[in-house]
Amino acid sequence: MFDIRAIRENPAAFDAGLKRRGLEPLSAGLIAKDEELRAIKTRLQEAQARRNSASKEIGKAKASKDEALASTLMAEVAALKDQLQAGEDKQRDLEAALERELAVLPNIPLADVPEGKDETANVEVRRWGDPKTMPAASLNKPKQHFEIGEALGLMDFEAAARMSGARFVVLKGQLARLERALAMFMLDIHTGEFGYTECQVPLLVRDQAMYGTAQLPKFEEDLFQTTGENRFWLIPTAEVSLTNLAREQIIDEAALPLRYTAWSPCFRSEAGAAGRDTRGMIRQHQFSKVELVSITTPDKSLAEHERMTNCAETILKRLGLPHRTIVLCTGDMGFSAQKTYDLEVWLPGQDAYREISSCSVCGDFQARRMGARFRPAGGKGTEFVHTLNGSGLAVGRTLIAVLENYQQVDGSVLIPEPLRPYMGGLERISKP
RNA sequence: GGAUGGGUGGCCGAGUGGUUUAAGGCAGCGGUCUUGAAAACCGCCGUGGGUUCACGCCCACCGGGGGUUCGAAUCCCUCCCCAUCCGCCA
């Protein structure tokens, strides 16, 4: 969400930002509405001021028993009433209209974000690890994760489909444990080494929380919602719950940055993804993810973004998974982001790099929607915080990456060294 | 599911129709005092809008909306939210 005052002060910069997002200039229309709104406020307040002073005079007139003066004044106030009513209605309508228009505008990319229409314009910034050194490289044709999992008898899409339909899976035995092990491994690093505070958060939230992180009002079709009297949205990511920890709060600058992490299920309708990634666990209606959220001051958010991205990369490195880091171009970034790094892990079964994490800095875009502020040390007043979120990592996709990269000729899967303590010392997953 | 209480500035909290400004306190900021600090004292201390060269002045906002009234934080209606008790339940 943008500050209309900022648009008013620098409309050219605003329109230039929209253009980078592929949008037409909007500042003229927004400013016209804002001017109309402020003109109405001015007229309204003149009438209000007169009504207030007249009302006070009525009080005095009545006190001094001057009934003639009192009734003259009362007639005047009565005449003002219609004018006030109309003005108030108009003001409310205009304010709501302006808010509606602003609420559906995406955040503006930072200057160093590469220009581009779609993912083909994304830019690789670094690459780590060599796929050729992985066990899967010794195979003629590395298998895809679902072939490996099904052959092990530990991954069952049919059973899931019988109860829930497409885009669900049942993991069993050591694969189910692997999912848990990965999550615990990630949480232990983020909390123990990187200073994130582990949270257990609501998975069902109200409209206002979804509005705060900007899933609403524009992306309702991507979400699941409960039925009944009390309707809740199912979170598509713990970013929603963790970022909303700061909503309507005023935080002392000394307490910043706040760093939160949570391992949570995520629910996505995948409404626009029909036909994409239909096989396997890549794209599910339900998956688990370890999420990272930071709340910072404006001057620290860019450094925090690099730090957060590094935290996510660290997980991939420790697991020995080859990956690359790319910066998303203006046309491929999410709605709330100013800048986004995606981490893509190597999947030998697909012979491709696939997204496993997305780390975004949002500036004050979400904070303004949530009313999340901080009190500058030694200063007056409050300012909006900056918010960041990133996956650290998507657990389901990490499981896929482990299966595909560590698969063996005999169909078993080696367990990366650092995960073994979380697997009770197990070195290899074989057919039970 | 049944019953009740409540929503006022960063926080606590007074305010049941006006003539005096949402009192007072806490926290915060600045100052006086002090070797330094504490204490004490003084001052400042919500958001948005309008106006002004500026100092300032004016208006709105007491959960949202509607209504009554010359005038509403205060009375009425409605919606949202929070809490407590009872019942049921992991």
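Within every chain, numbering begins at 1; the chains are lettered A, B, ... in the order of the sequence lines, protein sequences first and strands thereafter. Worth saying up front: this structure is predicted, and the values here are computed from it rather than measured.
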**Student:** Taking atom P in both G6(B) and C89(B), what distance in whole Å separates the two?
**Tutor:** 32 Å
**Student:** With no hydrogens and no angle check, do the side chains of Ser358(A) and Asp342(A) hold a donor and an acceptor under 3.5 Å apart?
**Tutor:** yes
**Student:** If you measure from the P atom in G31(B) to the same atom in C82(B), how many Å do you get, rounded?
**Tutor:** 44 Å
**Student:** Given atom CG of Asp252(A) and atom P of G10(B), what is their separation to the nearest angstrom?
**Tutor:** 13 Å
**Student:** More than 12 non-hydrogen atoms from neighbouring residues, nucleotides or ligands closer than 6.0 Å to CD on Gln200(A), yes or no?
**Tutor:** no
**Student:** Rounding to the closest angstrom, what is the interatomic distance between G5(B) and C77(B) at atom P?
**Tutor:** 14 Å
**Student:** Given the C1' atoms of A22(B) and U8(B), what is the spacing between them in whole Å?
**Tutor:** 8 Å
**Student:** Quickly work out the Glu248(A) CD to G7(B) C1' distance and round it to whole Å.
**Tutor:** 13 Å
**Student:** Expressed in whole Å, how much space separates the C1' atoms belonging to G15(B) and G7(B)?
**Tutor:** 15 Å
**Student:** Side chain of Arg38(A): nearest nucleotide among G10(B), G50(B), G48(B)?
**Tutor:** G50(B)
**Student:** Do any N or O atoms of the protein come closer than 3.5 Å to N or O atoms of nucleotides 78-83 of chain B, and which pairs are they?
**Tutor:**
| residue | atom | partner | partner atom | Å |
| --- | --- | --- | --- | --- |
| C81(B) | OP1 | Arg206(A) | NH1 | 3.1 |
| C81(B) | O3' | Arg206(A) | NH2 | 3.3 |
| C82(B) | OP1 | Arg206(A) | NH2 | 2.7 |
| C82(B) | OP2 | Arg206(A) | NH2 | 3.3 |

**Student:** Would you mind reading off the distance between Ile4(A) atom CD1 and G48(B) atom C1', rounded to a whole angstrom?
**Tutor:** 14 Å
**Student:** When you check the side-chain N and O atoms of Arg307(A) and Asn310(A), is any donor under 3.5 Å from an acceptor?
**Tutor:** no
**Student:** Distance check needed: G64(B) P versus Gln91(A) CD, whole Å only.
**Tutor:** 14 Å
**Student:** Within a reach of under 6.0 Å around CD of Glu193(A), are more than 12 heavy atoms found that belong to other residues, nucleotides or ligands?
**Tutor:** yes
**Student:** At what distance, to the nearest 0.5 angstrom, does CG of Leu388(A) lie from CG of Leu242(A)?
**Tutor:** 12.5 Å
**Student:** Parallel under 30°, tilted from 30 to 60°, perpendicular over 60°: which one fits the rings of Phe168(A) and His285(A)?
**Tutor:** tilted
**Student:** Counting any heavy atom closer than 4.0 Å, what does Arg373(A) reach on the DNA or RNA strands: base, sugar-phosphate only, or nothing?
**Tutor:** nothing
**Student:** If the C1' atom of G17(B) is compared with that of U69(B), how far apart are they to the nearest Å?
**Tutor:** 9 Å
**Student:** Between P on U51(B) and CD on Glu35(A), what's the gap in Å once rounded to a whole number?
**Tutor:** 11 Å
**Student:** For atom NZ of Lys117(A), decide whether the heavy atoms of other residues, nucleotides or ligands shown that lie under 6.0 angstrom number more than 12.
**Tutor:** no
**Student:** Rounded off to whole Å, could you give me the CZ-to-P distance for the Phe384(A) and G10(B) pair?
**Tutor:** 12 Å
**Student:** May I have the list of side-chain donor-acceptor pairs in residues 425-432 of chain A shorter than 3.5 Å, sequence neighbours left out?
**Tutor:**
| residue | atom | partner | partner atom | Å |
| --- | --- | --- | --- | --- |
| Arg428(A) | NH1 | Ser412(A) | OG | 2.8 |

**Student:** Does Arg180(A) qualify as a cation-pi partner of Tyr422(A), given the criterion of NZ or CZ under 6.0 Å from the six-membered ring centre and within 45 degrees of its axis?
**Tutor:** no
**Student:** Pick the closest RNA chain B nucleotide for Arg5(A) and for Ile250(A) by heavy atoms, then say which residue is nearer the 5' end.
**Tutor:** Ile250(A)
**Student:** Measure the distance from CG on Leu94(A) to P on G49(B) and round it to the nearest whole Å.
**Tutor:** 15 Å
**Student:** When you compare the side chain of Val290(A) with that of Leu187(A), does any pair of heavy atoms fall below 4.5 Å?
**Tutor:** yes
**Student:** Identify the pairs formed between an N or O of the protein and an N or O of nucleotides 85-90 of chain B at a distance under 3.5 Å, and give each distance.
**Tutor:**
none

**Student:** How far does the P atom of U34(B) sit from the matching atom of A23(B), given to the nearest Å?
**Tutor:** 34 Å
